[in-house]
**Student:** 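To start, I am sharing the structure in question, which I have written as structure tokens.
The chains referred to below are lettered A, B, ... by the order of the sequence lines, with proteins before strands, and numbering in each begins at 1.
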Protein chains: 2
Amino acid sequence: MRVGELSKRSGVPIPTIKYYLREGLLPAGAATAANQADYGEEHLRRLLLIRALIDVGGVSVAAAREVVAALGAHADDPLELLSAAQTAVTPRHRPDRETPEWHTAKQRVLDLIAERGWLVYPLSPEIDLVADALAAGGSLGVTELFDNLGRYADSAASLAAVEVRTVLDRPDPAARMELVVLGTVLGEALFSALRLLAHQHESARQIGIPDAPPQKNPETAQ
Amino acid sequence: MRVGELSKRSGVPIPTIKYYLREGLLPAGAATAANQADYGEEHLRRLLLIRALIDVGGVSVAAAREVVAALGAHADDPLELLSAAQTAVTPRHRPDRETPEWHTAKQRVLDLIAERGWLVYPLSPEIDLVADALAAGGSLGVTELFDNLGRYADSAASLAAVEVRTVLDRPDPAARMELVVLGTVLGEALFSALRLLAHQHESARQIGIPDAPPQKNPETAQ
DNA sequence: TCAAGTGGATAGTGTAACTATCTACAGCGG
DNA sequence: CCGCTGTAGATAGTTACACTATCCACTTGA
């Protein structure tokens with residue numbers, strides 16, 4: 001197929017497809033002439049994957065490129081791929097990490113990891129992200145994040161156990177590697193939204209149920 | 001205090017503080033002269049809150065403005081504030097939602113909510129976000145997200161129950177409202193990072209533990 | 001034949017989040 | 001009261017990102 005059809009089937013505009021080709025997110029099609037190339041189903045699939053990462057997962061174009069590169073480079077090593085996928089979806093840091101409060105927070109995270117015997121790469125940027133959240137809360141007097149850290153870790157562990165099991169249940173290795181990436185990114189989007197919905201439900205339940213759920217337009221109230 | 005001190009104590013550069021003032025994220029200080037104003041502790045606290053939202057939570061400046069506005073506007077109604085905070089941290093949609101696959105996915109989410117009796121605002125954008133993730137997975141043949149939706153919901157529900165209880169345990173109403181916002185945003189950042197760490201652990205555990213965790217630099221391997 | 005479509009290159013657009021300067025003027029040690 | 005630092009407020013400039021838009025010399029298919 002040529003770009004026109006690729007565009008129609010994927011829903012991605014042609015200029016955007018060209019942009020992804022330039023940026024190396026999408027491999028070039030097989031050239032049949034100086035200005036003609038042929039794309040296959042794998043290009044369509046790759047394009048859908050890219051759009052899932054960008055539109056649903058909210059990752060940057062640069063990060064999406066890293067992810068698909070890792071998909072190609074680590075076709076045999078799930079741990080390497082997982083590492084690459086996590087690095088790509090992990091935001092660059094901006095907070096100040098030189099304060100003593102931050103180091104206290106980081107130590108708290110390292111303690112948590114040690115006492116649970118978690119097997120994690122000790123230099124994972126995610127460790128610092130947890131410390132960032134704890135430190136930011138701490139600077140505003142929010143000790144609840146520290147207090148609940150164990151519960152957060154319990155939830156994360158049980159969720160991760162299911163997700164990893166699900167990935168490993170896939171028989172085909174290539175499909176499994178793709179699920180590593182999609183599970184990491186789409187699972188995040190899915191869970192985040194469900195958590196917010198669960199907040200609504202639990203708030204209504206624990207506070208007491210109002211006549212109607214919160215309305216955006218107050219004029220419908222009375 | 002004047003901007004200089006506010007900047008030093010918060011770690012935010014003076015031009016950025018001025019920018020936040022212009023954008024309405026930070027209320028103006030009490031003017032003492034044509035070119036002098038006085039800021040108090042509440043300005044510092046507000047600034048730390050804004051930076052927590054932006055740097056750690058990754059929300060946009062515009063969204064942060066909405067959140068702090070809601071904090072002021074709904075000082076008495078936690079459900080309204082929760083709704084505003086969620087709307088602010090919920091990304092704008094880009095995926096195509098007109099396909100039949102998407103509507104199937106959305107119906108699946110509505111069924112889940114109905115069968116669990118979740119009390120959620122039926123027009124919540126988060127419902128569409130869940131459908132987005134399911135549909136994106138579905139277009140790539142990932143049925144696992146559908147299969148595990150119930151487990152995701154279980155995890156989200158138990159996490160939300162703890163978080164809402166924690167917020168309601170705060171005696172002071174003003175502090176409680178602040179925790180609604182910080183819990184929504186920082187809790188998300190905290191949990192996301194922990195989930196990734198848990199993925200590393202579970203992968204290593206279920207696949208089999210290699211000699212060393214994944215290395216970024218292969219030259220240290222041998 | 002010939003309009004529609006294409007690959008590749010280059011340039012332009014719009015938004016977001018700052019960052020820099022400029023202009024008075026205030027505060028304060030000497 | 002001199003002069004230096006430090007403002008507040010206004011305006012303009014910068015950087016990064018993710019596209020969009022054109023142009024050109026082709027090729028394709030009716």
**Student:** In whole angstroms, how far is the P atom of dG29(D) from the CE atom of Met1(A)?
**Tutor:**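 My rounded result for the distance is 15 Å.
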**Student:** Does Thr32(A) make a side-chain N or O approach to OP1 or OP2 of dT27(D) shorter than 4.0 Å?
**Tutor:** no
**Student:** Here's a test of your reading of the structure: between Ile54(B) and Asn35(A), which maps to the more 5' nucleotide of DNA chain C?
**Tutor:** Asn35(A)
**Student:** Please confirm whether the shortest side-chain N or O distance from Thr16(A) to OP1 or OP2 of dT20(D) is below 4.0 Å.
**Tutor:**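 Looking at the OP1 and OP2 atoms of dT20(D), one of them is under 4.0 Å from a side-chain N or O of Thr16(A).
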**Student:** What's the closest nucleotide to the side chain of Arg2(A) if the choices are dT28(D), dA25(D), dC18(C)?
**Tutor:**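 Between dT28(D), dA25(D), dC18(C), the one nearest the side chain of Arg2(A) would be dT28(D).
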**Student:** Just by protein heavy atoms under 4.0 Å, how would nucleotides 9-15 of chain C read 5' to 3' in B, S and -?
**Tutor:** -B-----
**Student:** Separation of Ile14(B) atom CD1 from dA20(C) atom P, in whole Å?
**Tutor:** 12 Å
**Student:** Where each residue is assigned the nucleotide of DNA chain D containing its nearest heavy atom, which of Val59(A) and Asp38(B) is assigned the position nearer the 5′ end?
**Tutor:** Asp38(B)
**Student:** So that I can tick it off, tell me whether Glu178(B) and Arg170(B) are bridged by a salt bridge, with the cut-off set at under 4.0 angstrom between side-chain N and carboxylate O.
**Tutor:** no
**Student:** Kindly say whether Tyr152(B) contributes a backbone atom to a donor-acceptor pair with the side chain of Ser155(B) at under 3.5 angstrom?
**Tutor:** no
**Student:** Taking atom CZ of Arg176(B) as the centre, does the number of heavy atoms from other residues, nucleotides or ligands within less than 6.0 Å exceed 12?
**Tutor:** yes
**Student:** Which pairs count as ring pair (Phe, Tyr, Trp, His ring centres under 6.0 Å) when at least one residue sits in residues 6-41 of chain B, sequence neighbours excluded?
**Tutor:**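 Every ring pair (Phe, Tyr, Trp, His ring centres under 6.0 Å) pair that includes a residue of residues 6-41 of chain B, provided the two are not neighbours, is Tyr39(B)-His43(B).
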**Student:** Of all the choices, dC18(C), dT20(D), dT19(C), which nucleotide is nearest to the side chain of Pro13(B) once you look at every atom?
**Tutor:**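 That would be dT19(C).
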**Student:** What integer distance in Å separates Ile50(B):CD1 from dA17(C):P?
**Tutor:**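 Nearest whole value for this atom pair: 13 Å.
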**Student:** Any sub-3.5 Å donor-acceptor pair from Ser139(A)'s side-chain atoms to Ala136(A)'s backbone N or O?
**Tutor:** yes
**Student:** Which of these nucleotides, dC18(C), dA8(D), dG7(C), is closest to any side-chain atom of Val3(B)?
**Tutor:**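 Output: dA8(D).
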**Student:** Is a donor on one side and an acceptor on the other found under 3.5 Å between the side chain of Thr184(A) and the backbone of Val180(A)?
**Tutor:**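 Flag set: sc Thr184(A) to bb Val180(A) pair under 3.5 Å.
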**Student:** Atom CD of Glu5(B) to atom P of dG27(C): distance rounded to whole Å?
**Tutor:** 16 Å
**Student:** Could you tell me the separation between the CD1 atom of Ile17(A) and the C1' atom of dT6(C), rounded to a whole number of Å?
**Tutor:**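 Value for this atom pair: 12 Å.
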**Student:** Roughly how many Å is it from CG in Asp55(A) to P in dC19(D), rounded to a whole number?
**Tutor:** 8 Å
**Student:** Starting at the 5' end of DNA chain C, which residue's closest nucleotide do you reach first, Ala28(A) or Gln36(B)?
**Tutor:**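 Comparing both residues, the 5'-ward one is Ala28(A).
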**Student:** Whole angstrom is fine here: how far is it from CG in Leu21(B) over to C1' in dC18(C)?
**Tutor:** 14 Å
**Student:** Is it true that a side-chain atom of Ser124(A) and a backbone atom of Glu126(A) form a donor plus acceptor pair closer than 3.5 Å?
**Tutor:**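 Not a single qualifying donor-acceptor pair exists.
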**Student:** Rounded to whole Å, please give me the gap between CG in Leu26(B) and P in dA17(C).
**Tutor:** 16 Å
**Student:** So, OP1 or OP2 of dC18(C): does either fall under 4.0 Å of a side-chain N or O from Tyr20(B)?
**Tutor:** yes
